[in-house]
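Worksheet for the structure shown next.
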Amino acid sequence: MKQDQTRQLSILACASGLVLAAIFFGALYLHADTPDWLPMMIAAIGGFELFLFGQGVWLKRAGR
């Protein structure tokens, strides 16, 4: 299925955010040290995804 570039970027960001979150919580479960930047990176990717979601909702409403 062919997707536009914005949708592909959203899917890539979602997948990478989920992988990073799994690594972070796995490290916490195993009592391993986690880098200080990892929670900030997960939050940044989450914020980016929320922005794209909001933009999609806004554009759907504007198109009506």
CG of L52 to CD1 of I11: how many Å apart, nearest 0.5 Å?
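The distance works out to 11.0 Å.
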Atom pair CG/CG of D33 and L28 - distance to nearest 0.5 Å
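Rounded to the nearest 0.5 Å, the CG-CG separation comes to 10.5 Å.
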In terms of hydrophobic clustering (I, L, V, M, F, W, Y; side-chain heavy atoms under 4.5 Å; direct or indirect links), are [X] and [Y] co-clustered?
X: L50; Y: V57; result: no
X: W58; Y: F53; result: no
X: F25; Y: I45; result: yes
X: F48; Y: I42; result: no

What residues, two or more places apart in sequence or in another chain, satisfy side chain to side chain contact (heavy atoms under 4.5 Å, CB included) together with A27?
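Testing A27 for side chain to side chain contact (heavy atoms under 4.5 Å, CB included), a comparison that skips the adjacent residues, returns A32, T34.
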Once side chain to side chain contact (heavy atoms under 4.5 Å, CB included) is applied, do any residues pair with L30, and if so which ones, sequence neighbours excluded?
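With neighbours one apart ignored, the set is empty.
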Side-chain contact, heavy-atom cut-off 4.5 Å: L12 with Q8?
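Not in contact.
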Can you name the side-chain hydrogen bond (donor to acceptor under 3.5 Å, both in side chains) partners of E49, sequence neighbours left out?
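Per chain and number, E49 pairs via side-chain hydrogen bond (donor to acceptor under 3.5 Å, both in side chains) with S10.
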